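A short worksheet on the structure shown next.
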Amino acid sequence: MQVITLTAPDGHRERWDIKTTYLALKFWYGYLSDPDRVSCNQLAKDIRPFVGDDVHQVHVFLIYVQSIKLGLFRELSQLTRNQDSNVARLYFIMKSLAGNYPVKIHKDGERGQVLNDIQEVTGGSQKKLDQLIELLGLFVNGYLSYDKLGVMA
């Protein structure tokens with residue numbers, strides 16, 4: 001079972017399994033996004049002390065945990081070769097594919113190789129492409145970096 005350690009601002013720590021963490025974040029994010037439509041269940045209340053009430057920050061945590069749960073970091077590292085310098089370029093290439101995916105195998109050249117690598121990693125899945133774009137967005141917007149994650153190139 002995969003677990004994640006949650007730490008509250010007061011230093012209190014708990015270990016949660018990844019699936020429960022993901023569901024709790026999903027419920028809490030849904031409630032924060034539309035409190036008039038979505039009720040706040042106990043699981044959402046339980047995660048609140050660890051992630052706070054900022055809907056944007058909760059969304060960042062949700063993307064992060066979803067990426068762990070789905071193994072997207074491994075796939076992203078294949079595409080970026082664990083280098084922050086490749087992240088922004090890859091992000092914009094992948095964003096340009098949104099709505100036009102899957103793509104056909106491309107010619108030689110650096111961009112063609114990147115497109116082929118994306119195709120290989122995603123298996124032509126628009127959903128996986130979108131999930132990788134969300135994860136890359138965390139890097140591009142400064143929420144994550146390979147240095148922060150302790151990944152060596």
Side-chain angles (χ1 to χ4, degrees), residues 1-99 101-102 114-115 117-153:
M1 173 172 55
Q2 204 173 11
V3 295
I4 190 166
T5 301
L6 301 174
T7 306
D10 66 2
H12 173 73
R13 300 176 84 141
E14 289 183 14
R15 292 173 53 94
W16 289 34
D17 76 88
I18 198 77
K19 290 179 183 177
T20 303
T21 306
Y22 175 74
L23 286 174
L25 285 167
K26 197 169 177 179
F27 291 140
W28 185 232
Y29 177 71
Y31 174 74
L32 290 175
S33 297
D34 192 357
D36 295 331
R37 193 177 66 81
V38 179
S39 63
C40 184
N41 67 17
Q42 188 59 46
L43 198 52
K45 291 175 186 175
D46 290 345
I47 203 160
R48 180 183 182 197
F50 298 101
V51 297
D53 297 332
D54 179 359
V55 68
H56 179 71
Q57 188 66 33
V58 172
H59 189 243
V60 167
F61 288 135
L62 180 61
I63 294 168
Y64 178 74
V65 170
Q66 172 185 276
S67 298
I68 294 169
K69 180 177 168 262
L70 298 175
L72 297 179
F73 281 97
R74 180 177 20 85
E75 294 168 346
L76 183 59
S77 71
Q78 288 177 310
L79 294 170
T80 63
R81 282 126 180 99
N82 293 335
Q83 295 180 10
D84 281 335
S85 60
N86 295 335
V87 170
R89 182 172 179 269
L90 180 63
Y91 177 74
F92 290 109
I93 289 172
M94 290 177 88
K95 287 282 284 188
S96 74
L97 297 175
Y101 200 70
V114 170
L115 292 171
D117 291 347
I118 292 168
Q119 180 75 20
E120 183 180 320
V121 165
T122 63
S125 166
Q126 179 70 49
K127 183 176 180 178
K128 182 157 289 190
L129 177 72
D130 293 342
Q131 292 165 337
L132 284 166
I133 290 170
E134 278 189 316
L135 176 56
L136 275 165
L138 296 183
F139 282 91
V140 170
N141 293 318
Y143 294 107
L144 292 177
S145 73
Y146 283 111
D147 289 339
K148 289 179 186 176
L149 294 172
V151 175
M152 304 299 261

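Note that the coordinates shown come from a computational prediction; the quantities given were computed from them, not determined experimentally.
Only one option out of Thr20, Leu25, Thr21 pairs with Leu43 in a side chain to side chain contact (heavy atoms under 4.5 Å, CB included); it is Thr20.
Heavy-atom contacts from other residues, nucleotides or ligands closer than 6.0 Å to CD of Glu120 number 12 or fewer.
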Using atom types as modelled, flag every donor-acceptor pair under 3.5 Å from a side chain in residues 1-12 to any protein atom, sequence neighbours excluded.
residue	atom	partner	partner atom	Å
Asp10	OD1	His12	N	2.9
His12	NE2	Glu14	OE2	2.8

Only pairs under 3.5 Å count here: list side-chain donor-acceptor contacts from residues 130-140, not counting sequence neighbours, and write none if there are none.
residue	atom	partner	partner atom	Å
Asp130	OD1	Gln126	NE2	2.9

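Contact of the Leu97 side chain with the Leu115 side chain is registered, since non-hydrogen atoms from C-beta on lie closer than 4.5 Å. Between Gln57 and Val51 the shortest side-chain heavy-atom distance does not fall below 4.5 Å. Leu76 places a side-chain heavy atom less than 4.5 Å from the side chain of Leu90.
Qualifying side chain to side chain contact (heavy atoms under 4.5 Å, CB included) partners for Ser96, counting only residues two or more places apart in sequence or in other chains: Arg111. Partners of Tyr31 according to the ring-ring contact (aromatic ring centres under 6.0 Å, His included) rule, which considers only residues two or more places apart in sequence or in another chain, are Trp28. In this view, Tyr29 and His59 satisfy the ring-ring contact (aromatic ring centres under 6.0 Å, His included) rule, not counting sequence neighbours. The salt bridge (charged side-chain N to carboxylate O under 4.0 Å, His left out) search around Asp36 returns none, not counting sequence neighbours.
Between the OH atom of Tyr64 and the OH atom of Tyr22 there is a distance of 16.0 Å, given to the nearest 0.5 Å. Interatomic distance, OG of Ser39 versus CG of Asp34, reported as 11.0 Å (0.5 Å rounding). Atom CH2 of residue Trp16 and atom CD1 of residue Ile47 lie 4.5 Å apart, to the nearest 0.5 angstrom.
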Practice task
Take Met94 and Ile118 through the test side-chain contact (heavy atoms from CB on, under 4.5 Å) and record every step on the way to the result.
Solution key: CA-CA 8 Å; Met94 290 177 88; Ile118 292 168; 3.5 Å; yes

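Aromatic ring centroids of Phe61 and Tyr143 lie 6.0 Å or more apart.
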